[in-house]
Amino acid sequence: MDQIEQFIRDSGLDIPAYSVCFYDSNGTDEILDSIISGKKHANTGLYSLFQAQMQLLPKTGDHTVVLDSQMQPRCITRTVKVEIIPFAEVTQDCALAEGDGTLTQWREVHRKAFETACAEIGTTFDESMKCVCEYFEVVYQAQG
């Protein structure tokens with residue numbers, strides 16, 4: 001955590017509290033590059049998964065330090081908006097903000113991921129389940 005604390009100090013931002021995010025997938029650095037370039041500026045998760053994993057819901061003003069595949073801090077984001085809506089009502093704007101292409105593509109990718117995650121916690125996914133759509137902006141990024 002000392003490295004993360006130093007990264008925050010280097011940013012010059014006054015951040016009393018923050019979370020740390022690591023995109024646990026084969027495309028970790030690609031996702032991070034999409035965030036830094038501005039292509040991806042939203043995340044969506046199932047409300048029930050936040051509850052099952054005892055995670056706090058994001059709220060406007062939250063800061064997150066995003067790590068790369070080497071577990072190095074690469075950027076800091078700030079949450080600018082949070083919406084809680086059923087999966088079936090997620091909009092094209094959210095899909096575009098996620099960087100996943102069309103709403104149809106977003107639904108395919110997220111349906112598969114949510115079905116897998118629901119199975120892991122012993123529930124069944126359905127399109128009426130609430131989603132947490134978090135919109136964010138990059139407020140600092142590593143140099144180089």
message: Quick check on the hydrophobic clustering: are Val80 and Phe136 connected, directly or via other members, by side-chain heavy-atom contacts under 4.5 Å?
response: no
field: Arg107 to Phe87 six-membered ring, cation-pi geometry met (6.0 Å, 45°)
entry: yes
- line: When rounded to the nearest 0.5 Å, the distance separating CG of Leu57 from CZ of Phe50 is 6.0 Å
query: Passes side-chain contact (heavy atoms from CB on, under 4.5 Å), Ser19 versus Thr64? Steps please.
result: CA-CA 5 Å; Ser19 60; Thr64 302; 3.1 Å; yes
- request: Check Glu134 against Thr79 and note the closest heavy-atom contact, atom names and distance.
  value: OE2-OG1, 2.5 Å
- request: Nearest 0.5 Å please: distance from the CZ atom of Phe7 over to the CD1 atom of Ile76.
  value: 5.0 Å
query: Does any donor atom in the side chain of Ser48 or Gln51 lie under 3.5 Å from an acceptor atom in the other side chain?
result: no
message: Given Cys131, which partner from the list Leu49, Thr44, Ile84 fulfils the side chain to side chain contact (heavy atoms under 4.5 Å, CB included) test?
response: Thr44
field: Any donor-acceptor N/O pair, Gln92 side chain to Leu103 backbone, under 3.5 Å
entry: yes
query: Is there a donor in the side chain of Tyr135 and an acceptor in the side chain of Glu98, or the other way round, less than 3.5 Å apart?
result: no
query: Going by the angle between their ring planes, with limits at 30° and 60°, are His110 and Trp106 parallel, tilted or perpendicular?
result: parallel
message: Using a 3.5 Å distance criterion without hydrogens, assess whether the side chain of Arg78 forms a donor-acceptor pair with backbone atoms of Thr60.
response: no
- prompt: From Asp29 CG over to Ser69 OG, what is the distance, rounded to the nearest 0.5 angstrom?
  reply: 3.5 Å
message: Assess, by modelled atom type and distance only, whether the side chains of Tyr23 and Asp68 contain a donor and an acceptor separated by less than 3.5 Å.
response: no
task: Apply side-chain contact (heavy atoms from CB on, under 4.5 Å) to the pair Arg111 and Glu127, showing each step before the final yes or no.
output: CA-CA 8 Å; Arg111 182 179 291 111; Glu127 291 195 6; 2.3 Å; yes
query: After noting the C-alpha distance and the side-chain angles of Tyr18 and Asp62, does the key distance pass the side-chain contact (heavy atoms from CB on, under 4.5 Å) rule?
result: CA-CA 7 Å; Tyr18 60 90; Asp62 283 355; over 6 Å; no
- request: Please check if the side chain of Lys40 supplies one atom and the backbone of Ala42 the other of a donor-acceptor pair under 3.5 Å.
  value: yes
- prompt: Would Met129 and Val90 show up in the same hydrophobic cluster when neighbours are defined by side-chain heavy atoms closer than 4.5 Å?
  reply: yes
message: With a 4.5 Å cut-off on side-chain heavy-atom distances among I, L, V, M, F, W and Y, is there a chain of contacts connecting Leu46 to Val109?
response: no
task: Go through Leu13 and Ile8 one step at a time and tell me if the side-chain contact (heavy atoms from CB on, under 4.5 Å) criterion holds.
output: CA-CA 7 Å; Leu13 299 169; Ile8 292 170; 5.6 Å; no
- prompt: So how far is it from His41 NE2 to Lys81 NZ, rounded to the nearest 0.5 Å?
  reply: 10.5 Å
message: To the nearest 0.5 Å, what is the distance between CD1 on Ile31 and CZ on Phe22?
response: 9.5 Å
- request: Taking all non-hydrogen atoms of both residues into account, name the closest pair between Pro86 and Ser128 and its distance.
  value: CB-O, 3.8 Å
query: How close do Val138 and Ile35 get, heavy atom to heavy atom, and via which atoms?
result: CG2-O, 3.5 Å
field: Test item: Val20 and Val66 side chains (from C-beta on) under 4.5 Å apart, heavy atoms
entry: no
query: Shared ILVMFWY cluster between Val132 and Ile121, side chains joined below 4.5 angstrom?
result: no
Note: Arg9-Asp2 ion pair, threshold 4.0 Å (strictly below): no
- request: Please indicate whether Gln53 has more than 12 foreign heavy atoms, meaning atoms of other residues, nucleotides or ligands, lying under 6.0 Å from its CD.
  value: yes
- prompt: Do His63 and Val139 come within less than 4.5 Å of each other through their side chains, counting heavy atoms only?
  reply: yes
Considering all heavy atoms, the nearest Pro73-Ala142 contact: O-CB, 4.2 Å
query: Cluster question for you: counting only ILVMFWY and a side-chain heavy-atom cut-off of under 4.5 Å, with indirect links fine, are Ile85 and Val82 together?
result: no
- request: State the CD-CG distance between Gln105 and Leu96, to the nearest 0.5 angstrom.
  value: 10.0 Å
